[in-house]
Amino acid sequence: MIKYFIRRTLLTIPTMFLCITIIFFCLRVVPGDPALIMLGENATPEAVEGLHKAMGLDKPIWEQYLTFLNDTLQGDFGKSIYSEKSVSKQLIEAFPHTFNLALMSIFIACIIGIPLGIVSARKHNTLFDDGLRVVSLIVLAAPAFLVGIFLLIVFSVQIPLFPSMGVGNGFFEKIYYLILPSITIGTGIAAALIRFMSSSMIEEINKDYIRTVRAKGIPEKLVFYKHALRNSLIPVVTVIGLNMTGLLSGAVIIEMIFSRPGLGSLALDAIFARDFPVVQGSLILFMLIVIIVNLLVDLSYSLLNPRIRQS
Amino acid sequence: MGVLLEVKNISVGTRRNGEFIGILENVSFKLNKGETVGIVGESGCGKSMTALTIMGLLSKNIFVESGTVNYEDKELTKLPTTELNRLRGKEISMIFQEPMTSLNPSFTIGNQLAEVYKHHGNFSAKEIRQKSLEILSKVKISDPEDKLKAYPHQLSGGMRQRVMIAMALACSPKIMIADEPTTALDVTVQAQILDLINELQAGFNTSVLFITHDLGVVAETCHRMIVMYAGQIIEEGTVAEIFDHPSHPYTSGLMLSAPRLGSAIKRLKTIKGVVPDIDNMPTGCRFAPRCPYATDICFEKAPFLEKMSETRGVRCWHKL
Amino acid sequence: MMKRIFIYLLTLLFIVAGCSDTTSSDGNKNPKKNEAPKEKVLKVAVDSNPAVFDPYKLSTNSELVISQPIYNTLLRFKTSSIDIEDIEGGLAEDWETSKDGLTWTFKLRKGVQWHHGYGEFTSADVKYSIERVMDPELGSTSRENFKQVDKIETPDSYTVIIHLKQPDPAFLQSICGPAIVKKEAIEDNEKSGEIRPIGTGPFMFEEFKQNEKAVLVKNKDYFLGEPKLEKVEIHFMTDLTAIEIALKNGEIHMGPGLYEPAWLEQMSKNKDLTLDVSENGVFWGLYLNTSVDIYKNMNLRKAIAHAIDIKKYVKSRRLTAVEPKSVINSAVRGAYDAHYQYDLKKAKKYLKEAGYPNGVKLPEMTIPNLASFKGGAEFIQEELRKVGIELPLKSVDMASWVELVYSNQNPSTTVGLAAFGEAVVPFRSMFYGPSSMGQPTAIYNLTHFHEADRLIEQAETEIDRQKLDDLYKQIVEKIHDAYVVIPYVEGRSPLIRSNKVDLGYDFKSTMIYMYYITEKTDLK
Amino acid sequence: MQTNETPNLSTMKEINPATNKTSSNSFIDWKAFRKNRLGLVSLFVIIFFVLLALTAKWIVPYDPLTQNLLEKFQGISKEHWLGTDLNGRDILSRIIYGTRISLLIALCTVMLGATVGFAIGIIAGYKGGLLDDILMRMMDAIMTFPLLLFALMLLMVLDSGMTALVIVISVGMIPGSARIARGTTLDIKDREFVKAAKSMGSSHLRIVLTHILPNIITSLLVVATMNMSLVIMTEAGLSFLGVGISPPTPTWGNMIRDGFTFITLKPSLALYPGIALTILVIALNLLGDALRDAVDPHLKGQKK
């Protein structure tokens with residue numbers, strides 16, 4: 001099993017290298033010059049020149065790329081062009097908020113998605129199942145920012161139950177502030193989970209080993225919740241993993257609506273301000289999160305499925 | 001010998017846009033204590049369906065139209081699942097054809113074996129472990145200690161079939177239904193499993209309902225045999241009687257198309273034609289279109305299962 | 001079974017680890033709803049994220065809002081006024097100017113302390129600050145206003161004498177610009193890489209959290225008296241709808257409003273919110289780039305100018321807009337009357353004379369994708385469509401738009417500019433030949449208009465009021481006759497505050513798109 | 001005792017009425033598809049939207065671009081069935097006009113993304129070896145990118161016209177379809193009939209065209225419908241971030257964006273295009289499901 005993992009991690013290195021290069025060159029090609037933006041209305045040409053030298057943008061592309069590469073490998077993402085604050089500090093500050101949001105959303109998605117998926121599988125082909133399917137489709141199809149603003153208006157303005165902005169400090173307050181945004185994202189993923197859970201559950205129920213279990217006289221509840229559920233959980237874990245990437249990029253808009261700091265809004269502002277070091281830093285961190293999540297999914301995959309654990 | 005299980009005029013089928021389509025047509029037979037009865041027939045003749053009807057394991061869209069399955073004083077087809085579950089695995093158990101897919105890949109053998117004991121008796125964990133080891137050695141599985149911790153994919157086909165048998169016989173049931181247990185295994189393992197079943201059958205004095213398409217297996221293990229064709233029983237009797245003198249053309253056709261070691265016949269005889277489709281069953285005798293001896297009557301009037309003796313019966317107008 | 005429990009435990013563990021944010025530096029760990037109720041914390045919302053904290057390089061409004069309470073300037077406008085007459089002493093108690101306007105002497109306040117124990121404020125700090133603004137390396141946004149400064153003398157620690165090469169009518173208002181900073185503080189920050197602006201103002205910088213908020217805490221020994229508020233939190237909320245909701249919830253006390261009258265009407269109905277509109281309007285105009293061939297044609301420019309019904313647009317904006325009076329902000333001294341009469345027949349006539357009898361397709365105009373730009377541009381596009389002039393629009397993000405404008409590639413531009421004080425400053429940057437975009441000495445001359453260069457040069461050094469006003473009149477006339485800029489609205493930025501806020505001054509106008517926060521501001 | 005080999009009567013599974021007639025699994029079994037009610041309804045909805053898009057120019061009650069600033073934020077009225085927006089333009093006509101662009105973008109993006117993705121998938125699956133690894137690593141690289149931010153950056157490079165939008169979003173679609181194509185190719189490649197074809201010396205291209213492509217076409221269709229909904233949502237997201245189609249052309253995305261600023265004043269401004277978007281996305285998903293069922297016989301038994 002460990003050999004399997006080493007191979008998987010080694011495979012990610014070329015991917016990461018490819019991503020870093022794409023990020024670097026894509027940014028250099030994007031129109032808009034950070035010095036101009038910073039100087040705003042009265043940016044005199046020599047001031048622009050001075051800033052370029054300060055930012056090291058005057059050096060040839062290849063040199064910039066090489067310095068960028070060996071900095072990144074040593075984990076130093078450089079300093080923000082504007083505030084000269086070190087990028088890694090900004091990332092460390094922004095990362096926990098996105099991480100909490102992602103985790104809480106997945107948590108809510110599982111709490112809603114998995115049980116409803118099971119129920120929909122048990123009550124297959126009934127009215128309830130069809131109803132659930134349509135509802136989950138509506139939630140899946142509705143754009144996240146509409147759902148978000150809807151929750152905000154109802155649960156924050158009309159019924160002043162939840163705060164509409166900020167992150168709060170202290171463990172419980174953070175959760176309290178997380179509820180609305182994570183429900184917005186969570187329901188979307190839950191909808192996908194329901195559909196996936198239900199179809200994978202149905203597939204398991206019709207497998208041969210279920211007939212053996214029933215022939216052993218095991219009560220229907222156990223047949224369903226012990227045997228069928230266990231095997232149908234495996235593909236669901238991959239769905240969560242896949243949704244993770246979508247979630248991180250979707251979080252950008254949710255962080256905007258709920259005025260939450262985080263990796264998404266950091267990257268977004270940096271792109272608009274052409275703050276290359278910050279963009280590079282946050283996208284690389286994005287990438288690391290996704291790769292780690294995929295590894296975690298593989299880990300839980302083998303945890304659940306003994307056959308892979310042995311191979 | 002007391003009658004253990006009696007299947008009376010069972011008809012099973014499904015409903016497709018309103019119209020009822022029969023799969024089994026009033027199948028009746030008895031199973032006595034300690035006896036092994038074989039059900040033989042081509043694939044699709046309904047032999048597995050009969051077994052699933054007894055066990056109450058029919059899939060959702062197939063149901064029992066009429067007829068009863070009596071076991072001791074209970075009528076199995078009407079029993080609610082909770083009560084049926086008290087019998088299944090304890091008094092009537094079943095093993096299946098595909099050992100590769102019949103065990104849950106995510107649980108250890110020990111876990112799946114212990115389940116049977118847990119639900120059919122209140123044993124302590126230690127007792128369960130003890131009984132599991134005992135039953136595993138009974139089915140001749142080498143070093144049962146490791147096997148308890150092993151996962152199904154780590155065992156060979158034959159080994160898995162032995163585990164299935166162990167699970168079936170764990171609570172020394174009165175009846176064991178074996179649905180083509182050896183078909184998916186290669187010949188050498190097939191023989192070991194058959195010997196094992198015979199040995200255990202004698203040891204536990206369990207009566208076995210053996211479903212197969214292999215006449216050789218029937219000859220070797222069964223006392224009585226039933227031949228089924230297109231959802232009907234067309235011939236029944238002791239193995240000796242039928243092998244000695246098959247009186248239904250289909251049965252004799254089956255016998256002749258089975259190659260015999262050392263027999264002079266070079267080319268095997270085959271039965272021409274194909275099993276009729278269930279949603280357009282021929283009127284009259286269902287074997288008529290393929291029967292060399294068929295006459296007009298066979299096409300118009302459906303023959304009934306004529307009882308020639310206590311054990312013997314044939315459904316044919318021109319018995320051989 | 002064990003496996004499943006283990007997984008649930010694992011996820012729970014993650015959440016606990018994730019939430020108990022190791023980097024949270026603020027004090028109280030106990031999860032009370034917010035600080036002790038009695039502690040007065042004013043919460044301000046701004047709709048952009050600060051990027052720069054150097055007071056001489058401010059660009060977004062969030063940076064202006066953060067710096068305002070931290071720093072003082074030598075002289076300053078009376079709070080919330082933009083009238084030159086209202087200029088009063090700031091860190092300088094008193095000042096005089098020599099008759100020839102070349103020497104300015106400032107008497108400094110005594111006993112003013114820098115934040116965080118950086119010592120007493122002296123004339124050396126003033127000298128350092130002004131020389132830092134003038135330093136080309138730094139590239140400060142207001143370097144242009146100090147080009148006449150010859151040298152700065154500090155005879156003693158409480159007097160500063162500034163000598164000018166030539167008299168500068170706008171120098172008085174320029175002195176109110178740059179914040180006075182402390183040399184040692186700036187050097188310490190550069191070494192530590194920390195963000196910690198140091199000033200002398202009523203509030204001191206405490207904490208900055210990227211994309212979340214900046215926290216200022218009161219400066220107890222502020223020379224104009226101890227501030228009433230305990231803390232000021234400036235929240236960065238990029239979505240206006242989120243700000244509106246926070247205002248209604250009371251989570252935020254002050255925030256920017258939306259230019260949409262229907263929205264403002266609805267907000268003004270809310271009984272615990274007050275709506276203010278800043279009197280100094282942002283002057284929005286369509287600037288035609290005459291370096292582009294098609295716009296060299298005067299008749300075409302005339303046709304465009306007369307085709308836009310400014311009154312209708314201003315009327316549709318109701319209280320957040322006034323009709324532009326001149327070619328520059330009406331609050332500017334020297335903004336003499338000059339506007340184009342809306343007359344479709346005239347427009348069509350000029351169009352025919354310009355050689356486009358059956359309409360023309362203008363080159364594509366790029367605008368940033370901000371609501372303030374989009375509304376106006378779409379209005380102009382629609383007005384021109386009625387006379388057969390097609391103006392295709394392309395919306396890009398701010399950075400790309402800035403680059404396009406600076407490299408003189410935008411054939412026409414709509415932009416909103418704030419200006420106050422002497423007209424010579426906007427004339428110098430917007431209508432002076434050498435300031436045209438794309439040239440080495442470019443400032444913000446989008447139209448490449450240069451017919452009034454001589455007049456502007458004279459005005460730059462004319463301190464006699466009568467002569468100066470006469471020059472302004474001629475310049476406005478020349479710009480107006482050239483039809484290079486077509487003003488369409490003077491937007492007045494709406495601001496919203498909770499009734500709990502007592503500003504401590506009566507609000508008239510603002511230069512930082514937000515209420516000023518002073519030591520008198522209080523929370524009821 | 002050595003039992004000799006008995007006639008191996010084929011061990012077909014017990015009769016299962018639903019799959020009685022074995023349909024060749026490469027083409028859609030329209031009979032089954034017709035039975036799936038939800039699938040049919042969604043097909044009609046999509047056809048309705050396509051018709052709407054095609055005839056947008058003629059059936060639009062008002063010119064979607066004309067503003068009349070005095071009639072801003074009107075509610076539902078006789079002339080304006082869905083009221084007017086912030087510049088006094090008729091919302092209904094803008095939604096109809098928006099359909100045209102949103103569907104156009106969805107269609108082109110999916111086709112571009114799917115074809116490129118499938119091509120890469122087939123080559124990777126068929127060739128295997130180093131090429132397979134390289135291509136798959138590139139797919140992973142794209143997969144790890146946050147689609148929205150990546151599209152945002154690309155859009156700035158290529159300026160924000162319709163073609164740029166299509167190219168940018170289709171990049172996000174490629175990895176998904178490539179993976180599916182590769183999976184199907186690997187699966188079919190080892191099948192006997194492909195080996196047989198190879199042994200008869202038919203060229204690689206012929207094998208791909210005759211054997212692999214037909215089987216993939218059907219999953220291409222299923223993936224296409226699913227991705228379409230993803231594309232429309234991404235376009236809406238991009239417009240929300242302020243990038244995407246320039247004004248004044250209405251797309252559902254930028255209509256929702258404009259409506260968003262006045263959500264508390266007049267929620268319908270953002271809700272109406274939002275509802276239209278949701279209906280189309282649901283229809284596309286249901287159609288995708290129905291197609292997948294019609295294609296994949298083994299799943300058919302359980303569904304209805």
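Hydrogens, waters and symmetry mates are skipped; everything else that's a heavy atom, side chains included, is used. Here is the naming used below: chain letters follow the sequence lines, and residue numbers restart at 1 for every chain.
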State the CZ-SG distance between D:Arg137 and A:Cys19, to the nearest 0.5 angstrom.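 Between atom CZ of D:Arg137 and atom SG of A:Cys19 there are 11.0 Å.
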Would you compute the distance between atom CG of A:Leu283 and atom CG of D:Leu149 and round it to the nearest 0.5 angstrom?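 So the gap between those two atoms works out to 6.0 Å.
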Measuring heavy-atom distances to chain A, does [X] have an atom under 4.5 Å in its side chain, in its backbone, in both, or in neither?
X        : answer
D:Leu280 : neither
D:Ile282 : both
D:Met153 : both
D:Met139 : neither

Shortest non-hydrogen contact from D:Leu241 toward A:Phe272: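 Closest approach of D:Leu241 to A:Phe272: O-CZ, 3.6 Å.
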With the side chain counted from C-beta on, respond yes when D:Leu152 and A:Leu268 share a heavy-atom pair under 4.5 Å apart, and no when they do not.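 D:Leu152 vs A:Leu268: side chains touch.
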Region of A:Ile205 in contact with chain D, defined by heavy-atom distances below 4.5 Å: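 Neither part.
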Which portion of A:Val279 sits near chain D, non-hydrogen atoms under 4.5 angstrom: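 Contact with chain D involves the side chain of A:Val279 alone.
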Considering residues, nucleotides and ligands other than A:Leu127, do more than 12 of their heavy atoms fall under 6.0 Å from its CG?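 Not more than 12 within 6.0 Å, no.
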Is any residue of residues 41-50 of chain D within less than 4.5 Å of chain A by heavy atoms, and which ones?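 Residues of residues 41-50 of chain D touching chain A at under 4.5 Å: none.
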Pairs of heavy atoms under 4.5 Å with chain D: top-ranked of A:Ile22, A:Leu18, A:Ile253: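 Heavy-atom pairs under 4.5 Å are most numerous for A:Ile253.
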Donor-acceptor contacts, no H, no angles, side chain residues 135-152 of chain A, under 3.5 Å, sequence neighbours left out:
residue, atom, partner, partner atom, Å
A:Ser136, OG, A:Leu132, O, 3.2
A:Ser136, OG, A:Arg133, O, 2.8

